[in-house]
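Counting starts at 1 for both ligands and their atoms, in listed order. By convention here, the first residue in the shown sequence is residue 1.
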Amino acid sequence: MLRAGGEVMLSAIALHEVAGSNARLREALCAAHLPTDDIEDGGRAFFEALFGDGQAIGYAGIERCGADYLLRSVVVLPAHRCQGLGRSIVEATLQQVKSGDVYLATTSAAPFFSTIGFSEVPRAEVPAAVLATRQLSSICPSSTTIMKLIRPPT
Ligand SMILES: CC(C)(COP(=O)(O)OP(=O)(O)OC[C@H]1O[C@@H](n2cnc3c(N)ncnc32)[C@H](O)[C@@H]1OP(=O)(O)O)[C@@H](O)C(=O)NCCC(=O)NCCS
């Protein structure tokens, strides 16, 4: 699935890697009230999802945490929600992860991620490197739900 130039094709969408400093990424995250304080720090990769005509439909990111990863910054632009695109973006992003476990933190989208194969895990079972990410250690509220990818998306 991974093509040259950091491009991933899945169904009708393509993922292109973008820098954390990308203005469209920041705008989409701000509009969805998702964290932007740390998006320009190292160890993160962000992707813009595009229709075949080049229209941007959403974003997602992965952050390295030791041997594991944090899936983060998942957003579908409002006009394109509820059409299965969020699921496609997450599935395409997860294809970037070849080893290790994948975790995420969410305050409102746990039911969405449950449909993709993530399950809630207690903080006591989350690796220290994941808990040490800025998202989990300082940006997200302590009440945030932490989830782990238990089974591959179907
Ligand atoms: C959460 C979000 C990414 C979902 O994107 P989407 O394109 O609307 O979702 P999809 O259409 O791919 O939905 C996939 C599945 O999840 C379900 N789902 C989507 N959002 C849901 C929600 N808020 N609650 C419960 N289920 C939800 C859909 O019904 C669908 O289920 P199905 O496969 O059984 O039909 C989108 O609503 C969004 O950008 N929200 C704002 C940002 C955010 O909260 N991001 C997550 C934090 S990292």
Do any nitrogen or oxygen atoms of [X] lie less than 3.5 angstrom from nitrogen or oxygen atoms of ligand 1?
X	answer
Q83	yes
V76	yes
H80	no
L34	no
G84	yes
V74	yes
A105	no

Without placing hydrogens or testing angles, list every side-chain donor-acceptor pair under 3.5 Å for residues 124-135, not counting sequence neighbours.
| residue | atom | partner | partner atom | Å |
| --- | --- | --- | --- | --- |
| T133 | OG1 | V130 | O | 2.7 |
| T133 | OG1 | L136 | N | 3.4 |
| R134 | NH1 | D41 | OD2 | 2.9 |

| message | I need the contact type for T115 against ligand 1. Using non-hydrogen atoms and a strict under-4.0 Å cut-off, is it side chain, backbone, both or neither? | response |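 It is the side chain that gets close, since no backbone atom is under 4.0 Å.
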
| field | N-O pairing of R72 and D38 below 4.0 Å | value | yes

State whether any protein heavy atom lies less than 4.0 Å from [atom].
atom	value
atom 32 (P) of ligand 1	no
atom 46 (C) of ligand 1	yes
atom 43 (C) of ligand 1	yes
atom 35 (O) of ligand 1	no
atom 23 (N) of ligand 1	no

| task | Report the distance from atom CZ of F46 to atom CG of N22, rounding to the nearest 0.5 Å. | result |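 One gets 10.0 Å once the value is rounded to the nearest 0.5 Å.
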
